[in-house]
Amino acid sequence: MTRSERLAEQSDWYWRKNLRPRLEGLTDEEYFWEPVRGCWSIRARGTSAAPMSEGSGEWTMDFASPGPEPAPVTTIAWRLAHIIVSCLGYRVGWYFGGREVDSGSFAYAGTADEALKQLDEMYGRWNAGVRELSDADLENPPTVGPERFPMENRVLHVNRELIHHGAEISLLRDLYRWQDGAVPRRV
């Protein structure tokens, strides 16, 4: 197994065994569920109360620059959008070609099903691109994009981000099921 295949397998094992199975059955109600007041989410254009909103379609992502301290709690919708665009999408476009992805021009998903399709596509593109990297590619900084660390560092960073944010989404699903001490909802 090559280095790039080992790096791709690290995220793919997590994807197949943990994250993707935990997303099965995600409903729109759960996707947009706000466990506390003031959550950031994906919202219909023109309805955000956040300092900024980004996106090109009917749905936009709550945002601020610089980000507030402390950062607001975010919904599953927001976290999925963050993985799709900021963790995977930017880098897929920079490193592996195809369409450029950025938060201002991305058409965010207004349903859980649409978001999962976006996630599957972006993850598939990311993982396939990583598998094609040579040892020389991994040792050198990417030739495009703003990052100047060796590509292997970038791959490991994206893997950590996927695991980190995927765990947050999994926790939100658990909290949704157990809210108000009720018998867990089947999701």
Side-chain angles (χ1 to χ4, degrees), residues 1-23 26 39-42 50 52 54-55 61-109 115-173:
M1 187 179 281
T2 66
R3 280 171 53 202
S4 62
E5 288 170 332
R6 281 193 304 272
L7 291 167
E9 192 55 34
Q10 179 191 40
S11 64
D12 210 40
W13 184 90
Y14 172 72
W15 175 263
R16 288 188 325 268
K17 301 291 185 184
N18 292 287
L19 181 57
R20 199 55 182 89
R22 287 294 308 265
L23 296 173
L26 183 67
C39 282
W40 276 5
S41 191
I42 301 300
M52 302 167 71
E54 295 187 313
M61 181 181 199
D62 293 339
F63 180 72
S65 183
E69 291 289 333
V73 173
T74 56
T75 64
I76 291 173
W78 193 97
R79 290 170 195 260
L80 282 173
H82 177 67
I83 291 171
I84 293 162
V85 176
S86 301
C87 298
L88 298 170
Y90 289 165
R91 290 167 180 91
V92 164
W94 293 336
Y95 307 145
F96 306 130
R99 66 181 161 94
E100 288 289 320
V101 175
D102 69 72
S103 55
S105 64
F106 191 77
Y108 291 98
L116 293 177
K117 286 176 187 163
Q118 290 175 340
L119 179 67
D120 289 343
E121 176 198 349
M122 207 58 72
Y123 175 76
R125 291 176 61 199
W126 168 258
N127 195 267
V130 169
R131 288 182 186 280
E132 296 297 319
L133 295 170
S134 68
D135 284 352
D137 293 333
L138 291 169
E139 292 164 5
N140 293 300
T143 58
V144 295
E147 299 164 292
R148 295 295 170 234
F149 296 99
M151 185 64 176
E152 186 169 18
N153 291 35
R154 300 298 83 213
V155 173
L156 289 168
H157 172 73
V158 170
N159 288 357
R160 283 189 305 268
E161 286 287 290
L162 186 64
I163 292 166
H164 166 81
H165 293 299
E168 292 172 332
I169 291 167
S170 295
L171 175 60
L172 282 172
R173 290 203 81 188

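The shown structure was predicted, so the numbers you read here are calculated from the model rather than taken from an experiment. All residue numbers refer to positions in the sequence shown, counting from 1.
Under a 3.5 Å cut-off, the side chain of W78 and the backbone N or O of D62 do form a donor-acceptor pair. With hydrogens and angles ignored, the 3.5 Å screen pairs a side-chain donor or acceptor of R148 with a backbone N or O of P142.
The structure places CD of E161 at 8.5 Å from CD1 of I83, a figure rounded to the nearest 0.5 Å. For the atom pair CG (D137) and CD (E152), the distance works out to 11.5 Å, reported to the nearest 0.5 Å. To the nearest 0.5 Å, atom NE2 of residue H82 and atom NE2 of residue H165 are 3.5 Å apart. Note that the CZ atom of R154 and the OH atom of Y95 stand 6.0 Å from one another [nearest 0.5 Å]. W94 contributes atom CH2, which lies 8.5 Å from atom CD of E100 (distance to the nearest 0.5 angstrom). From N127, atom CG reaches atom CG of L162 across 9.5 Å, with rounding to the nearest 0.5 Å.
Counting heavy atoms from C-beta on, the side chains of M151 and R91 never come closer than 4.5 Å. Within the 4.5 Å cutoff, side-chain heavy atoms of L26 are placed close to those of L80. Contact check for L7 versus L156: side-chain heavy atoms found under the 4.5 Å cut-off. Within the 4.5 Å cutoff, side-chain heavy atoms of Y90 are placed close to those of V85. The closest side-chain heavy-atom distance from L23 to L119 is below 4.5 Å. A 4.5 Å side-chain heavy-atom check between L138 and S4 finds at least one atom pair inside the cut-off. Annotation: side chain of I76 is in contact with side chain of R173 (closest heavy-atom distance under 4.5 Å).
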Could you go through I169 and R22, starting from their C-alpha distance and side-chain angles, then the distance that decides it, and tell me whether this counts as side-chain contact (heavy atoms from CB on, under 4.5 Å)? CA-CA 9 Å; I169 291 167; R22 287 294 308 265; over 6 Å; no

Can you check side-chain hydrogen bond (donor to acceptor under 3.5 Å, both in side chains) on Y108 and S103, steps first, answer last? CA-CA 9 Å; Y108 291 98; S103 55; 4.7 Å; no

Any chance you could lay out the side-chain contact (heavy atoms from CB on, under 4.5 Å) test for R20 and D120, step after step, and finish with the verdict? CA-CA 9 Å; R20 199 55 182 89; D120 289 343; 2.7 Å; yes

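Considering every non-hydrogen atom in both E5 and R131, the closest pair reads O-NH1, 4.0 Å. Of all the heavy atoms in A81 and I42, the pair that sits closest is CB-CD1, 3.6 Å. The two residues Y14 and I163 have their closest heavy-atom pair at OH-O, 3.4 Å. Minimum heavy-atom separation, V130 to V155: CG1-CG1, 3.9 Å. Taking every heavy atom of both residues into account, N159 and S11 meet most closely at OD1-CB, 3.3 Å. Contact between A109 and Q118 at its shortest, heavy atoms only, is CB-OE1, 3.5 Å.
The aromatic rings of W15 and Y123 lie parallel to each other, their planes meeting at an angle below 30°, with 60° marking the opposite boundary.
For the residue pair E168 / H164, a side-chain donor-acceptor distance below 3.5 Å is found, with atom types taken as modelled.
Taking 4.0 Å as the cut-off between side-chain N and carboxylate O, E121 and R125 count as a salt-bridged pair.
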